[in-house]
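Right, one structure below, let's go through it.
A, B, ... follow the sequence lines: proteins, then strands. Residue 1 opens every chain. Predicted model only: the values in this text are computed from it and were never measured.
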There are 2 protein chains.
Amino acid sequence: MDSETILQALRQHGYRVTRPRRAIALALAQARGWLRAEEVLARARDRCPGLGLVTVYRALALFTELGFARRVHLEDGCHGYAAAQPRQEPQAICRVCRAVVHISAADLRPLLRRAAAHSGYQIESLLVEFTGLCPRCQGGEDQGIRNQAAR
Amino acid sequence: MDSETILQALRQHGYRVTRPRRAIALALAQARGWLRAEEVLARARDRCPGLGLVTVYRALALFTELGFARRVHLEDGCHGYAAAQPRQEPQAICRVCRAVVHISAADLRPLLRRAAAHSGYQIESLLVEFTGLCPRCQGGEDQGIRNQAAR
DNA sequence: CTCCTTATTGAAATTCATTTTCAATAATAT
DNA sequence: ATATTATTGAAAATGAATTTCAATAAGGAG
Ligand SMILES: [Mn+2]
Ligand SMILES: [Mn+2]
Ligand SMILES: [Zn+2]
Ligand SMILES: [Zn+2]
């Protein structure tokens, strides 16, 4: 996902394109996996010294609303963020290296239809998150730290 | 879901069956939808007067581990809890009344298979949460508060 | 380019759900 | 009953995330 796309969307929605937002968008786009807010901050500071954590939270919330970022729900209740595309809701996340793979929302339709039919619910939003091992991290968990995706 | 089942599982796993745990299990089982920790506390106190919030959190964590409770991920980052059955992972939640419907994990298999095939991931755990309107809350959002499920 | 308006930013303080500590209590086995 | 120890609850601490508010800078008008 190109960080330029995010910036264009900002303009289109009437938001200003600022240095902090550019730096945050780029940091998220270039990451190989999901990042905590603090990690986004550390990376975005390369391009925007003085950047504050508050601004990172605000930008991440904004990007998430626009569909260009997605929250990752961590066991401890905190959240990570991963670059995303507006139409691909579900994601699979590697437990070890944090790599994120997005799954087409179209793949979900059959399940959605069945769930709706079975329950009578009119479904408005999805939260689908699979956790496991990405191909690279399979069959070698104890081969040392393979945390490559995050950086 | 019967609260007795939870207590039996506790015994089987070597945990003690205490008054607080009984009260919490019952509160959760009798709720018509998900509850916040504070709400569980309020209800469980009927059967266990001096009950503390800390114990509620601990019991909910324990029940969740055993599969008898499931977390609901709220927008603000906090969590609710709903009674659950060990083998039904996905859940649909009513935005209005909090009613929770569980979906058989079997329904997920095709999606899971496709996701795994497409991404090469070896999936270990799922987080599937649909949000929308339950049958009762459809076509009448402005008909006043229908928050029936929660109580 | 210059000026204006106001969205945006960042430091500091605050919030508040959740966790940790630790001494007192009560569940289970013998 | 008695002993063992898992469990509990009050208080304090944690820490991710948010709110405040004065200073700053983006973008539009002239
Ligand atoms: Mn939190
Ligand atoms: Mn969450
Ligand atoms: Zn991996
Ligand atoms: Zn409802």
Legend entry - Nucleic acid footprint by protein, nucleotides 20-30 of chain C - heavy-atom cut-off 4.0 Å, B for base, S for sugar-phosphate alone: BB----BBS--
Inset, instruction - Give a yes/no on whether any side-chain N or O of Tyr57(B) is located under 4.0 angstrom from OP1 or OP2 of dT18(C). - result: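 Checking dT18(C) against Tyr57(B), a side-chain N or O does come within under 4.0 Å of OP1 or OP2.
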Inset, instruction - Would you please confirm or rule out a distance under 4.0 Å between OP1 or OP2 of dA17(C) and any side-chain N or O of His79(B)? - result: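 For dA17(C), OP1/OP2 do not have a side-chain N/O of His79(B) under 4.0 Å.
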Legend entry - Most 5' of Asp76(B) and Pro49(A) on DNA chain C, judged by nearest nucleotide: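 The residue whose closest nucleotide sits nearer the 5' end is Pro49(A).
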Legend entry - Linked hydrophobic residues, Leu26(B) as query - side chain contacts closer than 4.5 Å: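 Members besides Leu26(B): none; it forms no cluster.
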Spacing between [X] atom [atom1] and [N] atom [atom2], to the nearest angstrom:
| X | N | atom1 | atom2 | value |
| --- | --- | --- | --- | --- |
| Glu75(B) | dT18(D) | CD | P | 11 Å |
| Leu62(A) | dA7(C) | CG | P | 14 Å |
| Leu53(A) | dA16(D) | CG | P | 9 Å |
| Leu10(A) | dA26(D) | CG | P | 14 Å |
| His13(B) | dA6(D) | NE2 | C1' | 17 Å |
| Leu41(B) | dG9(D) | CG | P | 9 Å |
| Arg21(B) | dT7(D) | CZ | C1' | 6 Å |
| Glu38(B) | dT19(C) | CD | P | 13 Å |

Legend entry - Path from Val96(B) to Ile123(A) over hydrophobic side-chain contacts below 4.5 Å: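 Per the 4.5 Å side-chain linkage, Val96(B) and Ile123(A) are not co-clustered.
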Side-chain donor/acceptor pairs under 3.5 Å, residues 103-110 of chain B, sequence neighbours excluded:
{"residue": "Ser104(B)", "atom": "OG", "partner": "Ala106(B)", "partner atom": "N", "Å": "3.0"}
{"residue": "Asp107(B)", "atom": "OD1", "partner": "Arg114(A)", "partner atom": "NH1", "Å": "3.3"}

Taking the side chain as C-beta and beyond, is there a heavy-atom pair between [X] and [Y] under 4.5 Å?
| X | Y | value |
| --- | --- | --- |
| Tyr121(A) | Ile93(B) | no |
| Arg71(B) | Tyr81(B) | yes |
| Leu127(B) | Phe130(A) | no |
| Ile24(A) | Thr55(A) | yes |

Inset, instruction - Identify whether any heavy atom of Leu51(B) sits under 4.0 Å from a base atom; if not, whether one sits that close to sugar-phosphate; answer base, sugar-phosphate or nothing. - result: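 Sugar-phosphate, no base atom in range.
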Legend entry - Stretch residues 66-74 of chain A: residues that reach within less than 4.0 Å of DNA chain C through a heavy atom: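 Nothing qualifies; none.
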Inset, instruction - Quick one: list whatever passes side chain to side chain contact (heavy atoms under 4.5 Å, CB included) with Arg36(B), sequence neighbours left out. - result: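 Residues passing side chain to side chain contact (heavy atoms under 4.5 Å, CB included) with Arg36(B): Trp34(B), Glu39(B), Leu74(B), Arg98(B).
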Legend entry - Smallest separation among heavy atoms of Ala31(B) and Arg43(B), with atom names: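 What the structure gives for the nearest pair is CB-NH1, 3.9 Å.
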Inset, instruction - For the pair Gln138(A) (side chain) and Leu133(A) (backbone), establish whether a donor and an acceptor sit closer than 3.5 Å, ignoring hydrogens and angles. - result: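 Checked: pair present.
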Legend entry - Exam field: side chain Arg47(A) to backbone Pro20(A), donor-acceptor pair closer than 3.5 Å: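 Flag not set: sc Arg47(A) to bb Pro20(A) has no pair under 3.5 Å.
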Legend entry - Five-pair end axes of the helix from dC1(C)-dG30(D) to dT30(C)-dA1(D), angle between them (10°):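 Roughly 50° between the end axes, to the nearest 10°.
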Inset, instruction - Can you label the angle between the His79(A) ring and the His79(B) ring as parallel, tilted or perpendicular, going by 30° and 60°? - result: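 Plane angle under 30°, so parallel.
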